[in-house]
Amino acid sequence: MIRVKKSIMNKAYLLIGGNEGDRFLHMQQARANIEHICGVIEQVSSVYLTAPWGKTDQADFLNQALLISTSLGPEDLLLANLSIEKKMGRIRTVKNAPRTMDIDILFYNREIISTADLIIPHPRIPERRFVLEPLNEIAAGFIHPVSGKTVQELLRECTDPLPVKKI
């Protein structure tokens with residue numbers, strides 16, 4: 001009898017976004033690449049038009065939250081995301097610079113990870129409205145494993161004044 005080893009499917013929340021070129025096309029390409037390389041996209045938020053955060057002298061971003069099922073471990077998921085960004089023309093220069101595509105891991109299961117290359121949950125989730133608005137749409141009740149608060153509570157408490165508009 002042949003036994004098939006079941007692969008463990010992990011749940012990861014991602015935020016995708018960019019502000020260069022055809023932003024809608026880039027988001028479509030990012031989702032296709034994520035499904036091809038990382039795993040199955042289970043949920044997709046609306047697209048949000050968001051003001052740039054940190055470096056404000058640039059075009060507005062489009063952002064979207066995704067829930068994926070993946071057999072990749074957190075480090076491999078990070079490497080896959082970085083390869084997709086590079087494939088899509090992202091060149092890393094200065095922090096918060098304009099970009100064709102950015103793919104951030106917000107949560108990975110309910111794990112807390114802190115290495116030189118990867119921090120999960122993403123450390124700035126509570127202070128960024130452009131992350132919380134789309135995430136709240138698909139994961140309002142998800143509990144942040146560090147703060148113990150739901151995404152909805154984090155959004156309600158968020159003091160980020162930058163505009164975030166559902167398209």
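In this chain, residues are counted from 1 in sequence order.
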Could you give the side-chain donor-acceptor pairs of residues 21-29 under 3.5 Å, partners two or more places apart or in another chain?
from	atom 1	to	atom 2	distance (Å)
D22	OD1	F24	N	3.4
D22	OD1	L25	N	3.1
R23	NH1	D60	O	3.0
H26	ND1	E20	O	3.1

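- Side-chain contact check for V151 versus Y13: every heavy-atom pair is 4.5 Å or farther apart.
- With rounding to the nearest 0.5 Å, the separation of CG in L49 from CD1 in I167 is 5.0 Å.
- With sequence neighbours left out, R129 forms a salt bridge (Lys or Arg N to Asp or Glu O under 4.0 Å) with E133.
- How far CZ of R124 is from CG of D104: 8.5 Å, rounded to the nearest 0.5 Å.
- Applying the side-chain hydrogen bond (donor to acceptor under 3.5 Å, both in side chains) test to pairs two or more places apart or on separate chains, none has a residue in residues 158-167.
- Taking each heavy atom of P134 and V131 in turn, the nearest pair found is CD-O, 3.4 Å.
- Among all heavy-atom pairs drawn from L154 and P126, the shortest one is CD2-CB, 4.2 Å.
- Taking every heavy atom of both residues into account, L72 and C38 meet most closely at CD1-CA, 3.8 Å.
- A 4.5 Å side-chain heavy-atom check between I68 and L14 finds at least one atom pair inside the cut-off.
- Taking E157 as the reference, K149 meet the salt bridge (Lys or Arg N to Asp or Glu O under 4.0 Å) condition, with sequence neighbours excluded.
- Under a 3.5 Å cut-off, the side chain of S45 and the backbone N or O of L135 do not form any donor-acceptor pair.
- Annotation: side-chain hydrogen bond (donor to acceptor under 3.5 Å, both in side chains) contacts of N33 (sequence neighbours excluded): K87.
- The closest donor-acceptor contact from the side chain of E85 to the backbone of I103 lies under 3.5 Å.
- Side-chain contact check for K11 versus S69: some heavy-atom pair is nearer than 4.5 Å.
- Cation-pi geometry between R110 and F142 is satisfied (NZ or CZ under 6.0 Å from the ring centre, within 45° of the ring normal).
- The closest donor-acceptor contact from the side chain of N19 to the backbone of A59 lies under 3.5 Å.
- Nearest heavy atom pair, residue P74 against residue I105, reads O-CD1, 3.9 Å.
- A 4.5 Å side-chain heavy-atom check between R31 and I41 finds at least one atom pair inside the cut-off.
- One N or O on the side chain of E137 and one on the backbone of S46 form a donor-acceptor pair closer than 3.5 Å.
- Under the 4.5 Å side-chain heavy-atom criterion for grouping Ile, Leu, Val, Met, Phe, Trp and Tyr, L82 is connected to M88 within one hydrophobic cluster.
- Expressed to the nearest 0.5 Å, how far CG of L62 lies from CD of Q64 amounts to 9.0 Å.
- Cluster membership check: I125 shares its hydrophobic cluster with I138, using side-chain heavy-atom separations under 4.5 Å among Ile, Leu, Val, Met, Phe, Trp and Tyr.
- Remark: S83 OG to N81 CG distance equals 7.5 Å, nearest 0.5 Å.
- When all heavy atoms of L77 and Y108 are compared, the pair lying nearest together is CD2-CD1, 4.1 Å.
- By the side-chain hydrogen bond (donor to acceptor under 3.5 Å, both in side chains) test, T50 pairs with N63, sequence neighbours left out.
- Scanning both residues, I16 and A30, for their nearest heavy atoms gives CD1-CB, 4.3 Å.
- Hydrophobic clustering places L162 together with V164 (ILVMFWY residues linked when any side-chain heavy atoms are closer than 4.5 Å, directly or through intermediates).
- Under the 4.5 Å side-chain contact rule for hydrophobic residues, I34 and L118 share a cluster.
- Using a distance-only test at 3.5 Å, with no hydrogens or angles considered, a donor-acceptor pair links the side chain of E153 to the main chain of T150.
- L106 and L79 are not part of a single hydrophobic cluster, where members link through side-chain heavy atoms under 4.5 Å apart.
- To the nearest 0.5 angstrom, N109 atom CG is 4.5 Å from N10 atom CG.
- Separation of atoms CD1 (I37) and CG (D76) is listed at 12.5 Å; rounding is to 0.5 Å.
- In summary, the aromatic rings of F107 and H144 are positioned with their centroids under 6.0 Å apart.
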